[in-house]
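Side-chain atoms are counted along with the backbone in the values below, which use heavy atoms only and exclude waters and symmetry mates. Labels below follow one simple rule: chain letters A, B, ... track the order of the sequence lines, proteins then strands, and each chain is numbered from 1.
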Number of protein chains: 2
Amino acid sequence: MTQSHDFLDRAPSLADTLAHRLRQEIAAGRMRPGERLPTEQQISERYGVSRPTVREAIGRLKHDGLVVTRQGAGAFIAEPGALAVFRLDVEDFTNRDEIRNIVELLMAVEATATELAAQRRGEEDLAAIQAQLDAMQAAIDRGEPGVDEDMAFHRAIVDATGNPFFRDLSDFLDRRVRHFIRTARANTARMGGLTQAVQAEHQAIFDMIAKADPVGARRAAETHLRNAAERLSLYFAK
Amino acid sequence: MTQSHDFLDRAPSLADTLAHRLRQEIAAGRMRPGERLPTEQQISERYGVSRPTVREAIGRLKHDGLVVTRQGAGAFIAEPGALAVFRLDVEDFTNRDEIRNIVELLMAVEATATELAAQRRGEEDLAAIQAQLDAMQAAIDRGEPGVDEDMAFHRAIVDATGNPFFRDLSDFLDRRVRHFIRTARANTARMGGLTQAVQAEHQAIFDMIAKADPVGARRAAETHLRNAAERLSLYFAK
DNA sequence: ATTTGCTACTTGTCAGGCAACTTGGTTATC
DNA sequence: GATAACCAAGTTGCCTGACAAGTAGCAAAT
């Protein structure tokens with residue numbers, strides 16, 4: 001009943017491969033910004049696919065802001081400086097190096113976010129953070145691991161920065177790391193008893209934010225993240 | 001000859017608007033992860049567009065990792081934890097708040113990148129960074145502003161981290177900020193004479209990286225970025 | 001020399017259809 | 001009766017062909 005998604009055998013669609021090839025040609029500098037792409041007809045003949053498929057491929061590039069199309073005129077390569085969307089692709093999310101790199105970026109973002117939060121948090125921000133801290137304590141008291149509460153705590157902090165980019169990026173990276181843990185945990189032994197240590201670190205972070213001490217908040221966040229990364233590295237041991 | 005692209009009048013295509021609506025419905029929680037979307041036929045009838053248009057819209061969502069399609073089975077909403085691609089959309093890149101937020105994120109990423117670079121840089125990394133530093137000095141001596149060399153210098157540093165995510169994100173944010181400056185500069189007076197001050201800050205950063213002093217490197221980078229942000233704020237004054 | 005209008009070309013959208021694949025039920029077999 | 005093979009309906013992937021909307025360049029007219 002429960003199908004275990006196997007992502008491995010997913011054959012890439014024609015449009016996907018074509019989009020990839022076009023992307024490569026642009027990245028390789030074979031085509032300069034402002035230049036016009038071949039017409040859909042020409043691309044279609046050149047790669048031996050139909051025009052709808054070409055349209056789909058170009059649609060992806062357009063969606064990513066790499067090309068701009070104008071009806072009647074053609075498709076043009078966008079100025080790289082005007083790029084309005086950033087794509088962070090995690091190709092192989094079981095790769096340990098990739099996870100390590102993600103964790104590194106997450107640490108950078110979250111440490112700075114905590115610093116900013118200590119600097120700017122209003123009273124309602126502080127109340128929201130404390131509410132999540134309490135919720136996590138309640139979960140611990142109930143004997144639950146409280147992963148959702150943990151996530152909500154961090155979420156409340158990055159929210160307090162008032163910078164949506166911090167929030168979205170942190171959210172994405174956090175999800176990725178937790179997803180990795182969840183899948184890795186299925187293969188290794190369950191670990192417990194650490195939640196109280198985590199909570200103590202959370203408390204330290206909260207205190208610094210409450211004190212409006214940016215430097216101390218950053219230091220507390222860095223300590224927490226370093227410890228978290230160390231706990232995570234247990235999964236790498238195999 | 002040089003056409004000034006006006007992005008304003010770009011009428012969103014049917015597929016774009018449909019993709020936007022579907023995205024909203026998913027974001028609003030009207031559809032749960034794992035759930036199946038209506039068939040292309042149904043969506044086509046429901047929104048009064050043809051199936052190719054629906055395919056194009058779903059293709060965008062698929063490309064962003066929001067949905068997963070299986071031939072013969074249908075399209076399913078992806079698990080948010082398994083999201084493999086992150087999109088950072090800069091909707092209005094003349095908005096000052098948005099630029100401010102981008103600069104803030106750039107500062108966080110680049111400061112940490114500089115710290116990591118000081119920690120890990122090999123001899124060849126150091127040589128590459130110095131080469132860009134020298135190139136910038138040469139540009140200054142020639143009386144040029146050396147914006148390309150400036151960018152290359154920072155690029156060499158983030159390269160030294162060995163973390164491609166840092167490199168790509170920093171690259172994107174850097175481009176965005178410089179693009180904003182370039183367009184803003186067209187309306188305000190040209191400013192010069194600051195390049196030597198910038199170069200001095202670069203030299204300080206380089207020295208710390210050469211000394212393999214992560215703490216000092218971060219501090220030097222933060223100083224440089226803070227100053228850069230201040231210079232940038234001149235454009236906000238209007 | 002400038003403007004107007006026309007024509008070829010390109011993208012946007014549609015209609016219809018076939019192949020590949022999935023799913024669930026049905027039938028045949030043991 | 002349980003199990004396995006099979007089949008048919010439904011869905012996505014991809015194609016052909018066509019028309020509408022918009023653009024750009026050229027030619028003719030003023």
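Rounded to whole Å, atom P of dT11(D) lies 13 Å from atom CG of Leu37(B). Atom OH of Tyr47(B) is separated from atom P of dT13(C) by 17 Å (rounded to the nearest Å). Following rounding to the nearest Å, Glu45(B) (CD) and dT11(D) (P) show an atom-to-atom distance of 11 Å. Atom CZ in Arg55(B) sits about 16 Å away from atom P in dT13(C), given to the nearest Å. Atom CD in Gln41(A) sits about 17 Å away from atom P in dA8(C), given to the nearest Å. In this structure, Lys62(A) atom NZ and dT13(C) atom C1' are separated by 12 Å, rounded to whole Å. Counting to the nearest Å, the P atom of dG12(C) and the CD atom of Glu40(A) are 6 Å from each other. Straight-line distance from the CD atom of Glu56(B) to the P atom of dC15(D): 15 Å, rounded to whole Å.
Each of Thr53(A) and Gln42(B) was assigned the nucleotide of DNA chain D with the nearest heavy atom; the assignment lying further toward the 5' end belongs to Gln42(B). Taking for each of Gly48(A) and Ile58(B) the nucleotide of DNA chain D with the nearest heavy atom, the 5'-most of the two is the partner of Ile58(B).
Contact of the Arg87(A) side chain with the Asp64(B) side chain is registered, since non-hydrogen atoms from C-beta on lie closer than 4.5 Å.
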#### Entry: Pair Asp171(A)-Arg167(A), salt bridge (charged side-chain N to carboxylate O under 4.0 Å, His left out): steps then yes or no
CA-CA 6 Å; Asp171(A) 204 51; Arg167(A) 172 167 48 76; over 6 Å; no
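Screening residues 42-52 of chain A for salt bridge (charged side-chain N to carboxylate O under 4.0 Å, His left out), with sequence neighbours left out, gives Glu40(A)-Arg51(A).
Between Thr69(A) and dT10(C), a side-chain N or O to OP1/OP2 separation shorter than 4.0 Å is absent.
Judged as a ring-ring contact (aromatic ring centres under 6.0 Å, His included), and not counting sequence neighbours, the contacts of His224(B) are His154(B), His202(B). Phe172(B) pairs by the ring-ring contact (aromatic ring centres under 6.0 Å, His included) definition with Phe86(A), not counting sequence neighbours. Partners of Ala138(B) by side-chain contact (heavy atoms from CB on, under 4.5 Å), not counting sequence neighbours, listed by chain and number: Arg142(B). Residues passing the side-chain contact (heavy atoms from CB on, under 4.5 Å) test with Arg120(A), sequence neighbours excluded: Leu116(A), Glu104(B).
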Could you list all N or O pairs between the protein and nucleotides 15-19 of chain C that sit under 3.5 Å apart?
from, atom 1, to, atom 2, distance (Å)
dG17(C), O6, Arg51(B), NH1, 3.3

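Comparing dA24(D), dT11(C), dC14(D) against the side chain of Thr39(A) picks out dT11(C) as the nearest.
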